[in-house]
Enquirer: 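Take this structure, written in structure tokens, and hold onto it; I'll ask about it next.
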Amino acid sequence: MPLTAEQSVSVAVPAARQRRPRRSSVRHGQASCADYGCTRAECRQAALRARHRRNQDRTHGRSARVPPHAAARWAVRLRERGMSAQDIADRAGLSVTLVRRVLRTHTQDPTVRDIARTSADAILGIPLPAPRTPNAPGLTDSTAASRLLADLARAGWPATTLAKHLNVNPRTIAEVRDKRPRLHLDLAQRIRRLHRDLISLNPADHGIYHTTIARTRAAATRRTATTTL
């Protein structure tokens, strides 16, 4: 008796789990999460939907893989509007590794590897965000913002999550927290509001992995110990 599509996903779990990179950025709810061995219903359903789209493409004679140039051009425009590779990956439901590879694609290089049509469509389907202009002009001292970001790190909130909430690059979070002497007043105000909203919440209740929380807290403890020496 042939297996159903959902059963076939489950049968492939043990072998797939061995292929998952140790530092994979794939999130729950993405099709590739089930391919790596996750058995959550949301991940299995995402994998089944992706398989259904591939079957539809095959039925209509469309190639399952396409050149990445159009998606690369659009991803570059998204980045120019302030979206990081992780932002694009989150919106498209793709791994950040794939998005970074697409961003590195030279628009005229005919030898680059094709990507799945569904991946290209997911990137091309992200609307272009409006240019963000600071609501409060000018610069301010970063001491207060640095303290608030360090406070959130000790509570287990990773820089990538904070960056997503603030619509900035994770590197900006690290720089403001650790070494940038001044920052835009608008960003300082948004950091203050974000701290107020998140500090009393448990990161695990908002989709942050327990291992990520522990790693974030340990790094915050090391930074605190270094600064007090």
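On a predicted model such as this, the values are computed, not experimentally measured, just so you know. The basis for the numbers below is simple: all heavy atoms, side chains too, and nothing from hydrogens, waters or symmetry mates.
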Enquirer: How close do Asp178 and Arg223 get, heavy atom to heavy atom, and via which atoms?
Expert: OD1-CD, 3.5 Å
Enquirer: Could you tell me whether a side-chain N or O of Ser142 sits under 3.5 Å from a main-chain N or O of Ala145, the two making a donor and an acceptor?
Expert: no
Enquirer: Which residue pairs pass the salt bridge (Lys or Arg N to Asp or Glu O under 4.0 Å) test when at least one of the two sits in residues 148-163, sequence neighbours left out?
Expert: Asp151-Arg154
Enquirer: Check step by step if side chain to side chain contact (heavy atoms under 4.5 Å, CB included) holds for Ile199 and Leu148.
Expert: CA-CA 9 Å; Ile199 193 59; Leu148 295 176; over 6 Å; no
Enquirer: Quick check: closest heavy atoms across Asp114 and Pro67, and the distance to 0.1 Å?
Expert: OD1-CA, 3.4 Å
Enquirer: Describe, in one word, how the ring planes of His206 and Trp157 are oriented to each other, choosing from parallel (under 30°), tilted (30 to 60°) and perpendicular (over 60°).
Expert: tilted
Enquirer: Over all heavy atoms of both residues, which pair between Ala204 and His210 is shortest? Give the atoms and the distance, please.
Expert: CB-CE1, 3.5 Å
Enquirer: To the nearest 0.5 Å, what is the distance between CZ (Arg73) and CG (Leu124)?
Expert: 9.0 Å
Enquirer: Taking Arg177 for its side chain and Arg147 for its backbone only, find out whether a donor-acceptor pair lies under 3.5 Å.
Expert: no
Enquirer: State, with a plain yes or no, whether a side-chain heavy atom of Arg104 is found less than 4.5 Å away from one of Val112.
Expert: no
Enquirer: Where is the tightest heavy-atom contact between Ile126 and Ala122, given as atom of each residue plus distance?
Expert: CG1-O, 3.4 Å
Enquirer: Looking only at heavy atoms, which two atoms of Ile208 and Thr161 are closest? And how far apart?
Expert: CD1-OG1, 3.3 Å
Enquirer: Please name all residues satisfying salt bridge (Lys or Arg N to Asp or Glu O under 4.0 Å) with Arg77, sequence neighbours left out, ordered by chain then number.
Expert: none
Enquirer: Decide side chain to side chain contact (heavy atoms under 4.5 Å, CB included) for Gln45 and Glu42; before the verdict, give the C-alpha distance in whole Å, the side-chain angles of both, and the deciding distance to 0.1 Å.
Expert: CA-CA 5 Å; Gln45 290 301 319; Glu42 61 194 285; 5.9 Å; no
Enquirer: What distance do Arg192 atom CZ and Leu149 atom CG have between them, rounded to the nearest 0.5 Å?
Expert: 11.5 Å
Enquirer: Once rounded to the nearest 0.5 Å, what's the spacing between atom CZ of Arg100 and atom CG of Leu94?
Expert: 13.0 Å
Enquirer: Does Arg180 have more than 12 heavy atoms from other residues, nucleotides or ligands lying within 6.0 Å of its CZ?
Expert: yes
Enquirer: Run Ile115 and Arg101 through side chain to side chain contact (heavy atoms under 4.5 Å, CB included) and show every step you take.
Expert: CA-CA 10 Å; Ile115 62 174; Arg101 177 162 67 85; 3.9 Å; yes
Enquirer: I need the Arg190 CZ to Asp197 CG distance, nearest 0.5 Å.
Expert: 13.0 Å
Enquirer: At their closest point, which heavy atom of Leu103 faces which heavy atom of Val76, and how far apart are they?
Expert: CD2-N, 3.8 Å
Enquirer: Could you tell me the separation between the OG1 atom of Thr212 and the CZ atom of Arg217, rounded to the nearest 0.5 Å?
Expert: 11.5 Å
Enquirer: Starting at CG of Leu78, measure out to CD1 of Ile123 and round the result to the nearest 0.5 Å.
Expert: 8.5 Å
Enquirer: Does a side-chain heavy-atom distance below 4.5 Å link Thr172 with Leu183?
Expert: no
